[in-house]
Structure formats: C-alpha cells, structure tokens
There are 2 protein chains.
Amino acid sequence: MKILEQITQQFDAFSKSEKKVAQVILNNPQNAIHSSIATLANLAEVSEPTVNRFCRRLNTKGFPDFKLHLAQSLASGTPYVNRNVDENDGPAEYTNKIFESTMAALETARQSVDINAINRVVDLLTQANKISFFGLGASASVAQDALNKFFRFNVPVVYFEDIVMQRMSTMNSTDGDVVVLISHTGRTKSLVEIAQIARSNHAVVVGITAKDSPLGRECSYVLSLDVAEDTDMYMPMASRIAQLALIDILATGFTLRRGNRFRENLKRVKESLKDSRFSIK
Amino acid sequence: MKILEQITQQFDAFSKSEKKVAQVILNNPQNAIHSSIATLANLAEVSEPTVNRFCRRLNTKGFPDFKLHLAQSLASGTPYVNRNVDENDGPAEYTNKIFESTMAALETARQSVDINAINRVVDLLTQANKISFFGLGASASVAQDALNKFFRFNVPVVYFEDIVMQRMSTMNSTDGDVVVLISHTGRTKSLVEIAQIARSNHAVVVGITAKDSPLGRECSYVLSLDVAEDTDMYMPMASRIAQLALIDILATGFTLRRGNRFRENLKRVKESLKDSRFSIK
DNA sequence: TCAATTTTGTAGTAAAATTACAACTTTTAA
DNA sequence: TTAAAAGTTGTAATTTTACTACAAAATTGA
C-alpha cells in the first residue's frame, strides 16, 4: 500500500532509467494508470522492460499489478496533513503540498465553524434591505466574490475596493442593512472603523474574521475560521479559501431560505450569460 | 466512481450471464482485480467476451480499465464525496456538504492537474516582463487574487475588471509578456478575443480553463482543472476555489524559483502592512 | 410457430506484457 | 590503467491477455 510514497522514498536507490520512470509516474500518476507499458516507456524515454523491472522492484507482480496498486494508492483516503512547502521542493511536491494543506485547512475550518452563527447570519441576510461586503488586500477578492454571488439574488448588494468609498457607503447605512467585513487577522484598522461607523448607524455588522480580534469585538456577529497559514510563504492562502467556502455556505443558505421559486430566478440569471459565451458544439 | 455500488444497483438490469459475472465479482472483488479476463470468465462459467461486455456496460473502456475502477472502489473509503445540497437541508447539512464537496473538488483537481504544465508556466512567469491576469464574473475575483499575490513579488503585474481596459492593455503587450486568462467554461467570448490579440502580439497566453474549449484552444499553455460543479446551485463554487489553489501553486512555484533571498523581500512587504493594522497585545 | 431481437459463445486477431539474451556502463581490484 | 565482474539497459522473440467479427443459440412478441 501507499505505493506513491514508496516511490518517493526509494527514489535515490533507483537506477538512472528507473528514476526517469519514477519521475513520469510521480508527475502524473492519474495518467500513468491509464497508460500501457509502451506509452509509459515512451514518456520516460526508456524501454518497456525497464518499466517492467521498475514495477517488480516495488514488490508488484508486473506492470498491470503495479497499476492496480497505484490506482488504490490514489483512491485511498489519505487524511490531509498540513505539510509546509520546503524550499527544495520540486513542482510535484509543492503542488501536492498546497492542495493538501488547503484541504486540511478546509477540514479544520469545517470543524471550527459555528453553525448556529451561520444560521443567524443567513437569517439576517435574507431580511436585509442592503448588503455590503468589504475586505482589503487578500480579502478584497473574497468580498468581490461575495458580490458576484449575492448579485445574482437580485438583492441590493454593495462592494467597494476603495476605503473612502467603503466609508461613504457605510455612513449612509441604516438599520435593516447588513455590513459583512472580511479580514483574516481582524486587525485591519480601516475595517474596524467601518464596523464602528456601521454600528453607530444601527446596521448589523457581520465579521468573517478572528473572534478575539479588534474587528471581531466590534461586530454584532462573528463567523470565525480557525485556519493555520503557512507563515513561511508570507502570503494568505488557505485562509481566504476557507473564507470563500464560507461565502458559498452563506449564499447557499440564502437560496435555500428563499425557496424553490427563487432558484428558478438564479437559473434565469445563469442563462442570461449565454450570449456572452460560445455555445457547446 | 463507486463501481461496486453501481453493480449492485444495476444488477436487475443485467442479462443472465452478466448476472453470473456480477455475482462472482461481488462475492470476491479482491480476487477479481487480480484475475485475468480468462480466469474470471471461467469462474463465472461464461465466455470472455461476456465479461468484456459486462465491463463496457459499466462505462469502462474494457476489462483492464474495469479492474482499475474496481481497485479504486475497493481502496478504503474515499474520504470526501461530492454530495449535492438538497433543498430540505438544514444549516448543519448544507454547511458540511459544501465543505466536503469543496474538498472533494480539490482532490479531483489535484489528481487531474498536469504538473509538467505547471512547471513550464512557472518558468514563463519568472521570466516574464509583464504579467496580466484577466477573468470575468466569478473568475474576476480569482484574477484579482492573483494580482494581490504577484504584486508582492515586485513584478510588473496587471489586472483589470473592465473588458475595454483588458483589451487596451493586451493591445500593448509584446513578446516577453505573459497573459493569464481565467475562465471555468472557457467559453467567454471576450476572453477568447483577448487571447487572440495577445497571441498576435507574440505574448504568451496561459489559460486556467477547460482544455478542450474555445479559450483553451487559443492558449499557448492550458492549466485545466477537472472540477465538477453542483449544477443545481447555478453558481460557480468549487471551480473557482480550485482556480485559487492553482494561483497559490503558481505563486509558490514563483517564489521557490526566485530563491531564498527573494523571500526576504516578501517578508518586508508583509511587514510594511503593520502600520495599517492593530498590533497583537 | 416463426420472424425479429437480444444474448452468448467460438475462433481469429490485435495488443500488451514478459522473457531471454546481448550490448553497453560502471565499478573494482590488480 | 586496465581488464574482469557486476550491474544496467535495450532489442527481439515469445507468451499472455484482451478484443473483434461473426455465427449460433436463446428469448421475445405477434
């Protein structure tokens, strides 16, 4: 079992040609299991018996048996581990690590999320007169994504990149309005100010942020996501993907609350995009 | 996927001999994957072509392909299943379903992604004079996110929401420039035009899109992600999260290629944000 | 009951994997 | 440094495995 790891582990012990084979398989295992020995030998630029010998070296009966093991290895549910990227990693390593750590982040987010809070926020959103989404830096794109989703619901929804516009917009908010503020750390000064302005105007402030943070403390409701970032990369990665998943959840809750007839409307919005697209032949 | 369940489900629809084959496989699937078509036919007391036809009936390419599917099906529990949201789902259900289907989407994306292509694109990006990221609709926020990441690298990077600005910017592109176009379906007309303009200016066009699509065909390099969307929701969800993970991967590859000294630079960018934030007490 | 359809098997063919062996490399010890 | 030994790799032939075409048998329905 775990033939892929076995290949990585034994890699140095392989001969020159066997390394070529290993590389091809590691690069695209999904492709490998659907190839014949001939095509794989071609890809690796070695002869067919070399591929066969490679398979035997990994304690399999031969090439077809090896493919079976590989297929199982690919399907088996590895619990995702948050493995940080290392500076010596090649493309195969960092690609897999990022996918895995992203999945791991989503899993922790799922476990940490407060479903009651989600339910209450969905409630508020369905009843809102106007919804605003604000975020800065990496969270700006999350806010923009939220705009894109909620815009389809035919609800008054607002998003600005510009902090001055954000302030002006918030100044005009009233009760019945919901302001959603997105920040991983919850320490972005200008968003905290927005929260204060919104609250003084009796708007509901929802934070997608850390619970115990300056921003979190200013919010009426906080949806927190305990997501660990790979701090070596100095970039927000997993956090904003978890935020997006949360946006998806809010949007889904919203449509479900609005009922079936409402989803017909969504379908229409989607169909209206047809003209801007090439049809499938 | 889940070929064993499929066999059980369709059992009644099978013919007499096919039922014999199904029975033998269900009785001892572990044995089945290690048998040749001849031995399996013997066990089921049918002819070899019958076994072959049985495999085809289950949407596989033939006997070896069937064994592959069976092997994957047998490999202990696929962790996350893409369970679509149901209109009777409560908050707990839809929250978990969205997290799970997002993780499932990332897993399929991970398996489908072409690492060699990633490596080549990272190469191109590190050598580019100017990098542009364009997307529309749901992919616009992905493009914006890419801007946010690559901006930190102190590389000339461009992003516009406005299609007119996108065109104007692309008109001025030259060789040495890389244009990254993001679209799930690959059928957005205006992006296809951008791709054509870019190519006629000898810029490299990278598509984060479906391989076999109008946009995909116009690109110099395509990074495709086989991600299944819950079409009942009429919203892009999993697809853009996979796209974001891919952006993370490209950004990571970029920093690794640039080496250690370069990452010091990233650290400085991050530290420069301090003033806009509340400090941790 | 007999024609039409479906199912199944036989025999031949094609493809894929494996084996045997020879040529080429690399290592090692004189 | 060199020549034998050990190890690695590829070519060609062989064997195994899977697939196709077609014909026979069984089933269905009028």
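Chain identifiers are assigned alphabetically (A, B, ...) following the order of the sequence lines, protein sequences preceding nucleic acid strands; residue numbering begins at 1 within each chain. Values below: all heavy atoms of this structure, side chains included; hydrogens, waters and symmetry mates excluded.
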Without placing hydrogens or testing angles, list every side-chain donor-acceptor pair under 3.5 Å for residues 125-132 of chain B, not counting sequence neighbours.
from     : atom 1 : to       : atom 2 : distance (Å)
B:Thr126 : OG1    : B:Val122 : O      : 3.2
B:Thr126 : OG1    : B:Asp123 : O      : 2.7

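Judged purely by distance below 3.5 Å, without hydrogens or angles, the side chains of A:Thr50 and A:Ser47 pair a donor atom with an acceptor atom. Under 3.5 Å, the side chains of B:Arg257 and B:Asn119 contain a donor-acceptor pair of N or O atoms.
Residues B:Lys97 and B:Glu100 are not paired through a salt bridge, judged by the lack of any N-O separation under 4.0 Å between the basic side chain and the carboxylate. No salt bridge links B:Glu45 with B:Lys20; every basic N to acidic carboxylate O contact stays at or beyond 4.0 Å.
Scanning DNA chain C 5' to 3' for nucleotides with an atom closer than 4.0 angstrom to a non-hydrogen atom of chain B gives a first and last hit of C:dT7 to C:dT10.
Ring pair B:Phe153/B:Phe254 is parallel by interplanar angle, where below 30° counts as parallel and above 60° as perpendicular.
OP1 or OP2 of D:dT9 has at least one side-chain nitrogen or oxygen of A:Ser15 nearer than 4.0 Å.
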Could you walk me through whether B:Asp65 and B:Arg56 pass the salt bridge (Lys or Arg N to Asp or Glu O under 4.0 Å) check? CA-CA 9 Å; B:Asp65 189 42; B:Arg56 295 243 169 96; over 6 Å; no

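Rounded to an integer number of Å, the gap from CD1 of A:Ile37 to P of D:dT16 is 16 Å.
Distance CD/B:Glu218 to CD/B:Gln196: 4.0 Å, rounded to 0.5 Å.
Listed by residue number, the members of residues 48-59 of chain B with any heavy atom below 4.0 angstrom from DNA chain C are B:Pro49, B:Thr50, B:Arg53.
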